[in-house]
2 protein chains.
Amino acid sequence: MKIDPDSNADLSAQIAGAIRDAIISGDLRVDERLPSESELSDQFGVSRPTVREALKRLGAQSLIRTQRGATGGAFVNKLTYPDAYGQQITTSTLLLSMNAVSFQTACEARYALERACAPLSTKRRTADHLATMRAEAHRQAQPGLSDESFCASDVAFHRALVDAADNPVLSYQLAGAVEAMQPLMNMITFTARSRERIVALHTAIADAIEAQDAEATDRHLEELAAYTNELAQSVFDARAKQSASKSGVSS
Amino acid sequence: MKIDPDSNADLSAQIAGAIRDAIISGDLRVDERLPSESELSDQFGVSRPTVREALKRLGAQSLIRTQRGATGGAFVNKLTYPDAYGQQITTSTLLLSMNAVSFQTACEARYALERACAPLSTKRRTADHLATMRAEAHRQAQPGLSDESFCASDVAFHRALVDAADNPVLSYQLAGAVEAMQPLMNMITFTARSRERIVALHTAIADAIEAQDAEATDRHLEELAAYTNELAQSVFDARAKQSASKSGVSS
DNA sequence: GACAATTAAATGTCTGACAAATGAAAATCG
DNA sequence: CGATTTTCATTTGTCAGACATTTAATTGTC
């Protein structure tokens, strides 16, 4: 681990990079304790605050965890699925909100990914996953349900569908699609959508998965994607109309 | 933005969380300048080193960038696709290496995702993407190619396939699958694989995509997945045999 | 008006210190 | 001797103040 004081990068960034590389390469193993902050500052030839800044960077990426006390210190953290989900969702949310992604592009990506899951889900779905999907579809049919709750239930339905594939790596990869894109899409379409239509499609999907009919599952997911795009289009059309009439009045 | 000094969490973590929330919620917009470190330390009632640790956490997630000098400071960073790719790849690599994911699980996830892309790629592929795939397949057929270069070319081939879908969100989502899983899988299978067989499959895939034959593309990708699994199985069998014969000698 | 020197503001880094947590060792008591 | 309590050393968390470095705006000069 060598540090170049003349480099353009911050010392703390260089130190964080060196430790990160050691973790990724396996030189530092899970649950292994790093040297104390004082020792690290000696090793790298920098002050303790600088080392601390480097450690905070790594902590923010869930690469290490710290513990106070006599036997405390910084330990290489095992990156758990929930940790990875969280990062995935945060990154996806920010990426979409900061990059002016068209609705169509996001929707296409989201359903392409979910349809990749579906064949596995139809094959492996358990009673548990089916029960969750049924329960959420049922909840969505309740008349008094708030828009927020409907959206949350929508997410839960799709998460159950994805988890039914019984592949944690796939569930992780789809976390961004389901938990970041779906809410964003809901925010756009919720004014125009017909809950009955969505519940009917969700029920049809659950039926197809229960019957282990991959072809029908795919068809209904495609319908749901098409309906979502249709909704977005009508919302955008309505907005365009409104702004046109506004400018007409003002002129 | 309020901070609770009695909370269990570090002050720097609380401050980082408060600023992160402000960014995600849109209270702080892209390229907006945060108050200076001194002002932040006054606002939150903590010292400057503590504020700095919080800012380093955010910097590690590419949420802010800092600039020195008179008009410098911390700015809300626009999360670019390359940034997001990088995080995705790092997280995926660590998740796989730390969680004892079976080869089968990883391979299944990876090909499910790529096959989700393929129909879009067959529809939208440009001459550019086709040329890249052809060039990489050609490179892979060179006799003197090192294993590292073959692996890198393999990744480049699949990245071109994914990018041909012309959906940046999908490309981002698949970055982990292509750039993290593919190299890991290569590390396991490279001793046993037949380069000819892989080049033939890559060529068949490129042909199918050029012909815009989605069905054939999917079939060849499935073959590639099956062959990869087969290779891994043979490697694992050989390892098991070797360790069995070893223990037989020693007994 | 163009160019050079100065200045102010901000981050980057260091030193030294104290507080708080925590496990281990030592001391004490039954 | 065994169990409990106390002490203590170690480590992270936080603070204060200072100086170095970078950078752009300002000022001064020709």
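We use all heavy atoms of the structure for the numbers below, so side chains are in, but hydrogens, waters and symmetry mates are not.
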Within this structure, what is the [atom1]-to-[atom2] distance between [X] and [N], rounded to whole angstrom?
{"X": "Ile64(B)", "N": "dA10(C)", "atom1": "CD1", "atom2": "P", "value": "16 Å"}
{"X": "Asp10(A)", "N": "dA10(C)", "atom1": "CG", "atom2": "C1'", "value": "13 Å"}
{"X": "Leu55(B)", "N": "dT13(C)", "atom1": "CG", "atom2": "C1'", "value": "15 Å"}
{"X": "Phe75(B)", "N": "dA9(C)", "atom1": "CZ", "atom2": "C1'", "value": "12 Å"}
{"X": "Arg65(A)", "N": "dG13(D)", "atom1": "CZ", "atom2": "C1'", "value": "18 Å"}
{"X": "Glu53(A)", "N": "dT12(D)", "atom1": "CD", "atom2": "P", "value": "16 Å"}

I'd like to check the salt bridge (Lys or Arg N to Asp or Glu O under 4.0 Å) partners of [X]; sequence neighbours left out, ordered by chain and number.
{"X": "Arg29(A)", "value": "none"}
{"X": "Arg33(A)", "value": "none"}
{"X": "Glu108(B)", "value": "Arg124(A)"}

**Request:** Check ring pair (Phe, Tyr, Trp, His ring centres under 6.0 Å) between Tyr172(A) and all other residues, then give those that pass, not counting sequence neighbours.
**Result:**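 Tyr172(A) satisfies ring pair (Phe, Tyr, Trp, His ring centres under 6.0 Å) with no other residue.
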**Request:** Go through dT11(D), dG12(C), dA10(C) for me and flag the one nearest to the Arg33(B) side chain.
**Result:** dA10(C)
**Message:** Taking 4.0 Å as the cut-off, does a side-chain nitrogen or oxygen of Arg52(A) come that near to OP1 or OP2 on dG13(D)?
**Reply:** yes
**Message:** Would you say Thr66(B) places a side-chain N or O within less than 4.0 Å of OP1 or OP2 belonging to dG12(C)?
**Reply:**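 Answer yes for this pair, as a side-chain N or O of Thr66(B) is under 4.0 Å from OP1 or OP2.
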**Request:** Mark up nucleotides 14-23 of chain C, 5' to 3', with B wherever a protein heavy atom is under 4.0 angstrom from a base atom, S wherever such an atom reaches only the sugar-phosphate, and - elsewhere.
**Result:** BB-B--BBBB
**Any Val51(B) side-chain heavy atom under 4.5 Å of Val46(B) side chain** = yes
**Message:** Once side-chain hydrogen bond (donor to acceptor under 3.5 Å, both in side chains) is applied, do any residues pair with Ser47(A), and if so which ones, sequence neighbours excluded?
**Reply:** Thr50(A)
